[in-house]
Amino acid sequence: MTSISFDVEKIRKDFPVFSRELPDGRPLVYLDSGNSSQKPNQVIETMREHLALHYSNVGRAMHVLGAESTDAYENARDKIAGFVGAPSRDEVIFTKNASEALNLVAYSFGNPANTDPRFTLGPGDEIVISEMEHHSNIVPWQLLVQRTGATLKWFGVTDDGRLDYAPGLITERTKIVSIAHQSNVLGTVNPVAEVARRAHEVGALIMLDASQSVPHHPVDVTELGADFVAFTGHKMVGPSGIGVLWARAELLEAMPPFLGGGEMIEAVWMDRSTYAPIPHKFEAGTPPIVEAIGLGAAVDYLTEVGMDAIEAHERTLTAYALDALRDIPGLRIIGPDSLEQRGGTVSFAIEGIHPHDVGQILDDRFGVAVRVGHHCARPLHLRFGIPATTRASFYLYNTTGEIDALVRGLHHVQKVFA
Amino acid sequence: MTSISFDVEKIRKDFPVFSRELPDGRPLVYLDSGNSSQKPNQVIETMREHLALHYSNVGRAMHVLGAESTDAYENARDKIAGFVGAPSRDEVIFTKNASEALNLVAYSFGNPANTDPRFTLGPGDEIVISEMEHHSNIVPWQLLVQRTGATLKWFGVTDDGRLDYAPGLITERTKIVSIAHQSNVLGTVNPVAEVARRAHEVGALIMLDASQSVPHHPVDVTELGADFVAFTGHKMVGPSGIGVLWARAELLEAMPPFLGGGEMIEAVWMDRSTYAPIPHKFEAGTPPIVEAIGLGAAVDYLTEVGMDAIEAHERTLTAYALDALRDIPGLRIIGPDSLEQRGGTVSFAIEGIHPHDVGQILDDRFGVAVRVGHHCARPLHLRFGIPATTRASFYLYNTTGEIDALVRGLHHVQKVFA
Amino acid sequence: MIGESMYQELILEHYKHPQGRGLREPYDAEVHHVNPTCGDEITLRVKVGDAGKVLDVSYEGQGCSISQAAASVLYELATGSTVEETLAVVDEFTRLMQGRGQIEPDEDVLGDAVAFAGVAKFPARVKCALLSWMAYKDAVVRSAE
Amino acid sequence: MIGESMYQELILEHYKHPQGRGLREPYDAEVHHVNPTCGDEITLRVKVGDAGKVLDVSYEGQGCSISQAAASVLYELATGSTVEETLAVVDEFTRLMQGRGQIEPDEDVLGDAVAFAGVAKFPARVKCALLSWMAYKDAVVRSAE
Ligand SMILES: Cc1ncc(COP(=O)(O)O)c(C=O)c1O
Ligand SMILES: Cc1ncc(COP(=O)(O)O)c(C=O)c1O
């Protein structure tokens, strides 16, 4: 089904997990990359080699190992800046995951020690998110309004799983809008450039949770028109323990520091400190060194395969999956059921069978790994009146054969619970 | 010089970095473990294998890989709880480094959304630290007083590098005392149990920065009498990207959440959330999974060698180093020059030669890696009236032969700059 | 496959043919428990007789097969035993569920409930299995008040 | 070893025998720069003559050999050139220092200053090398005010 130029079998050979068998000889059918992706040898080997032969702390060390580690770490920053089209490498901040990146920005608002008017926040000020957000793009803002007395507002979601975008929700009172670029449940790709324009029109800032888009599409932060973009290494064939905040340099300079400590300072006295220039201002303590280096290798890997090719491959898989799932009686897709403005994440409910049971039987009998539950998007599920869904999500290493396995598995599930 | 039972040559074979040559055939003499330690094969291989064959997201996944990852991740928590004598595994919070652990606690204070009297903070309230702290145990508290209007106070340091402990500095107004268990510059081990008693006497909480003690001594958090203890994986033969906050369960329960997002919630509505029980309440987003697993392997490794044996070995090295350095003309040790209450970190100044030059020539000519600068403890250096020092720090894999190499190197440095 | 499978025949059997389901009179206490992460719910009643004998456990709820089967197994184990005996079983069941798959279950104590051992490896499912058992414990405490 | 070494003979030579050291009259502008991370300091004066010719760069400071030698090399490169020419060298030197060892230095532009190439790999040392050069740039700007 996929084009000749995209050799998925060759790609699968790069991922050692596909050479293993699950207990009792089940094969592994991994359809849970929206949760976290598998890792290619290129990433694993880069990390292993660095840990074994070149490891040391970065920045502060003045010896061969220190230089090698610092080089590798800062080169990773260059690679990631290039990957998302950041105008400057200094705009790439390494965090531990996307959640930290989102919290970092949330904590920049309403800090009494910072007087930049874009970041002051109090009663009367508003924050706008949406009902389809991941908890990591909801809870940081809830905590912020609890600390400051600001108001949280949100866009709804339409019945077919689109952002119910009402420009009027963004007003002169709005300080920041933060929405997903692509939903981790619905697969929906949001009209972020339009929302960004509206936010800027009223003088608000805009943050994009790109955790589900950067791994799967060519993304250029400048084209998106955003002020802040968060994404996470483990979903893009990179390691755990590393995430990224990209933000416009001018904003990073205006924001108060978030975590304090070594590396983020210029000079420290007992009673006051001055801070390092960006990006280091936001990287307190020893950073996830080997993890950043691993993410650099991940970005090299994705670039070599080609983000356009990956996007096209996932599109093929998504079309195939939507077709096949539509044929299953009692199955209802939650989210857009066309390919328009959507990525390779397909969530669904099956009449009369709890998703927990669906997922567990798929795993137990067929080795098919999907995610079941609310996928850290409980409000979205409440919106659709269901406690949970089953979600299949695709990546560069998946095949149409694996979607066939999913479909066979679902038929079996229906038989078990008939 | 070291006892028969401690086979340092055997230990060195576990660390692949010692099998490499630096450029131009220099050997590697790594005396910078206080900055970050090297990693044994046991840790590297555990991480590689997990990434290759067992990786998936934790907690939320309901399939074989999810169960394997969750098992391994939560087992790492058990191991670390055991390693530091935590009364409950739920008291072990994984962070990205020690700095995040210190900031997490600092952000728990003065949060308007939390009313527990132990964590309220405002003008008139006091925080007590010391002049020998690492920036990571200074700046978070400075940022806190800037946000809240509380007052920061600190213990001084005596001429021989001891904590100038004055119980009277801790008063009824004190909300929290945060000091290093062992100084990363002086090597001094502080009388933390005594300070903890005093803090509790006045109803204050006490935090210990154990970044430099947990890797080198048997540490039991209960014996220390502390409320909060922070340490970091990369200094204890573990990976980068992982740190630990231990705290008494009752306090963790009373604290407001810090980072918000997936995994740390119980239920989320658009306008409010309830939070997961500890430890997950403080672990927002996908945690550093493979890094925690690597730290578990590190703790297994240290336990197998034996923390008592490691402590004894480092003591031998420190005695040897103090003796040898004392003989160098113009060299002044900054910190205790006896073995009493001190660890294997020796900082010094050499008359007329800038530490930058010392460090760089040691590296350039002899492959001796030491750290030079203020070691993220600038106020301590200001206290001693010097901008920087040279620091040699020892770990289980170091030998007296390496200290000889350092001494030879220092003689050469003096010749170059004579 | 049997060894690994969470879906022991026994669990499916209980799910498809739940024992003791439905809310009945008389009762000493009624509780309503919810698992907010997945929306599972249960309403449960207990009736305790002389000498601490559990005369009836009746319930109504919705959720996945694990949570429904766990309630059915609970009903079978509890009715006819004494409160004290059943609380010992609840404790052992809780220990098993929270043991992350590291704990050897005591079959003598657990009886049929041992079929849930596989659940312990999936933290997200543990709450499903425990929902009715926690509700039962709660109800028993209240019935004694 | 020579290839790897940051301590080119040339740097040590300049450190031990600094050129143009000392504060002199006349001058158009004086600046004082500090590197707060390591305590290095420099006071620097410039005197610019007709047609933008740099007549004198005089300085006094303390710090490591890199920072001291960099000031000495700067003195040699700057005096006798025009402000415009020297600023081009400052830019190239800055680019080299901030290039994290990834940049091929332009020897034609840099002359002796190319000896500092090895410093670029150590972020903590880059500021040492740049201290006097940044002070010079600052002083030149002020002298034109
Ligand atoms: C005493 C002390 N505290 C805190 C830290 C910070 O640890 P990390 O860099 O892992 O956050 C260090 C090490 O850099 C240290 O030596
Ligand atoms: C849309 C979205 N936002 C945020 C996150 C959080 O990412 P992380 O768990 O790496 O912090 C995720 C993934 O879990 C996600 O899918």
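Naming: A, B, ... by sequence-line order, numbering from 1 per chain. All of these numbers come straight from a predicted model, not from anything done at the bench. Hydrogens, waters and symmetry mates play no part in the numbers below; they use all other heavy atoms, side chains included.
- Inter-residue side-chain proximity for Arg26(A) and Val64(B) is flagged as met; some heavy-atom pair is nearer than 4.5 Å.
- With respect to chain A, the highest number of heavy-atom pairs below 4.5 Å among Ser36(B), Pro288(B), Ser240(B) belongs to Ser240(B).
- The heavy-atom pair separating Pro140(B) from Gly261(A) by the smallest distance is CD-N, 4.5 Å.
- Neither the backbone nor the side chain of Arg383(B) comes within contact range of chain A, judged by heavy atoms closer than 4.5 Å.
- Note: Pro379(B) leads Pro287(B), Pro239(B), Gly233(B), Pro379(B) in heavy-atom pairs under 4.5 Å with chain A.
- For Leu65(A), the part lying under 4.5 angstrom from a heavy atom of chain B is the side chain only.
- Looking at heavy atoms from C-beta onward, Leu152(A) lies out of side-chain contact with Asp271(B) at the 4.5 angstrom threshold.
- Neither the backbone nor the side chain of Thr148(B) comes within less than 4.5 Å of any heavy atom in chain A.
- With rounding to the nearest 0.5 angstrom, the CE atom of Met62(B) is 10.0 Å from the OG1 atom of Thr390(A).
- In this structure, chain B has heavy atoms under 4.5 Å from both the backbone and the side chain of Leu51(A).
- At distances below 3.5 Å, at least one donor-acceptor pair connects side-chain atoms of Arg378(A) with backbone N or O atoms of Val268(B).
- By the 30° and 60° cut-offs, the orientation of the rings of Phe258(A) relative to Tyr107(B) is tilted.
- For the atom pair CD1 (Ile44(A)) and CG (Leu53(B)), the distance works out to 8.0 Å, reported to the nearest 0.5 Å.
- Only the side chain of Ile265(B) comes within contact range of chain A, with heavy atoms under 4.5 Å apart.
- For chain B, no part of Glu45(A) is nearby; none of its heavy atoms comes within less than 4.5 Å.
- Neither the backbone nor the side chain of Ser69(A) comes within less than 4.5 Å of any heavy atom of chain B.
- Residue Tyr275(B) touches chain A through its side chain alone, counting heavy-atom pairs closer than 4.5 Å.
- For chain A, no part of Ile242(B) is nearby; none of its heavy atoms comes within less than 4.5 Å.
- Ranked by heavy-atom pairs under 4.5 Å with chain A, the list Lys39(B), Arg147(B), Arg20(B) is led by Arg20(B).
- Here the closest non-hydrogen pair linking Leu143(B) and Pro257(A) is CD2-CG, 4.1 Å.
- With a 4.5 angstrom heavy-atom cutoff, Ser130(A) touches chain B only via backbone atoms.
- The shortest non-hydrogen separation linking Ser99(A) to Gly260(B) is CB-O, 4.5 Å.
- Distance check, rounded to the nearest 0.5 Å: OG of Ser273(A) to NE2 of His135(B) gives 7.0 Å.
- Using a 4.5 Å cut-off between heavy atoms, Leu362(A) makes no contact with chain B at all.
- Neither the backbone nor the side chain of Phe18(A) comes within contact range of chain B; no heavy atoms are under 4.5 Å apart.
- Of the two parts of Val43(A), neither the backbone nor the side chain holds a non-hydrogen atom closer than 4.5 Å to a non-hydrogen atom of chain B.
- In terms of heavy-atom pairs under 4.5 angstrom with chain B, the leader among Gln38(A), His374(A), Glu291(A), Lys235(A) is Glu291(A).
- The closest donor-acceptor contact from the side chain of Glu263(B) to the backbone of Cys376(A) lies at 3.5 Å or more, if one exists at all.
- Between the Glu100(A) side chain and the Leu259(B) main chain, no donor and acceptor come within less than 3.5 Å of each other.
- At distances below 3.5 Å, not a single donor-acceptor pair connects side-chain atoms of Ser136(A) with backbone N or O atoms of Gly285(B).
- Highest contact tally toward chain A, considering only Arg272(B), His134(B), Glu131(B), Met47(B), is held by Arg272(B) [criterion: heavy-atom pairs under 4.5 Å].
- Only the side chain of Gln142(A) comes within contact range of chain B, with heavy atoms under 4.5 Å apart.
- Contacts with chain A were tallied for Gly262(B), Gly367(B), Gly373(B); Gly262(B) has the most, counting heavy-atom pairs under 4.5 Å.
- Only the side chain of Asp363(A) comes within less than 4.5 Å of a heavy atom in chain B; its backbone stays farther off.
- No other option in Ala106(A), Ala52(A), Ser19(A) has as many heavy-atom pairs under 4.5 Å with chain B as Ala52(A).
- At a 4.5 Å heavy-atom cutoff, the contact between His54(A) and chain B is made by backbone and side-chain atoms alike.
- For the atom pair Tyr55(A) OH and Phe15(B) CZ, the distance stands at 12.5 Å (nearest 0.5 Å).
- Taking NZ from Lys96(B) and OG1 from Thr95(A), the interatomic distance works out to 6.5 Å, rounded to the nearest 0.5 Å.
- Neither the backbone nor the side chain of Val145(B) comes within less than 4.5 Å of any heavy atom of chain A.
- Distance check: Asp364(B) CG to His63(A) NE2 gives 12.5 Å after rounding to the nearest 0.5 Å.
- Looking at Ala267(A), both its backbone and its side chain come within 4.5 Å of chain B, counting heavy atoms on both sides.
- Residue Leu102(B) does not touch chain A at all, counting heavy-atom pairs closer than 4.5 Å.
- When Gln146(A), Arg48(A), Met270(A) are compared by the number of non-hydrogen pairs under 4.5 Å with chain B, Met270(A) comes out ahead.
- Looking at Asn35(B), both its backbone and its side chain come within 4.5 Å of chain A, counting heavy atoms on both sides.
- In this structure, the portion of Leu22(A) lying under 4.5 Å from any heavy atom of chain B is its side chain and not its backbone.
- Counting only heavy atoms from C-beta outward, the side chains of Thr232(B) and Thr286(A) never approach each other to under 4.5 Å.
- Taking Leu144(B), Asn41(B), Val17(B) one by one and counting their heavy-atom pairs under 4.5 Å with chain A, the maximum is reached by Val17(B).
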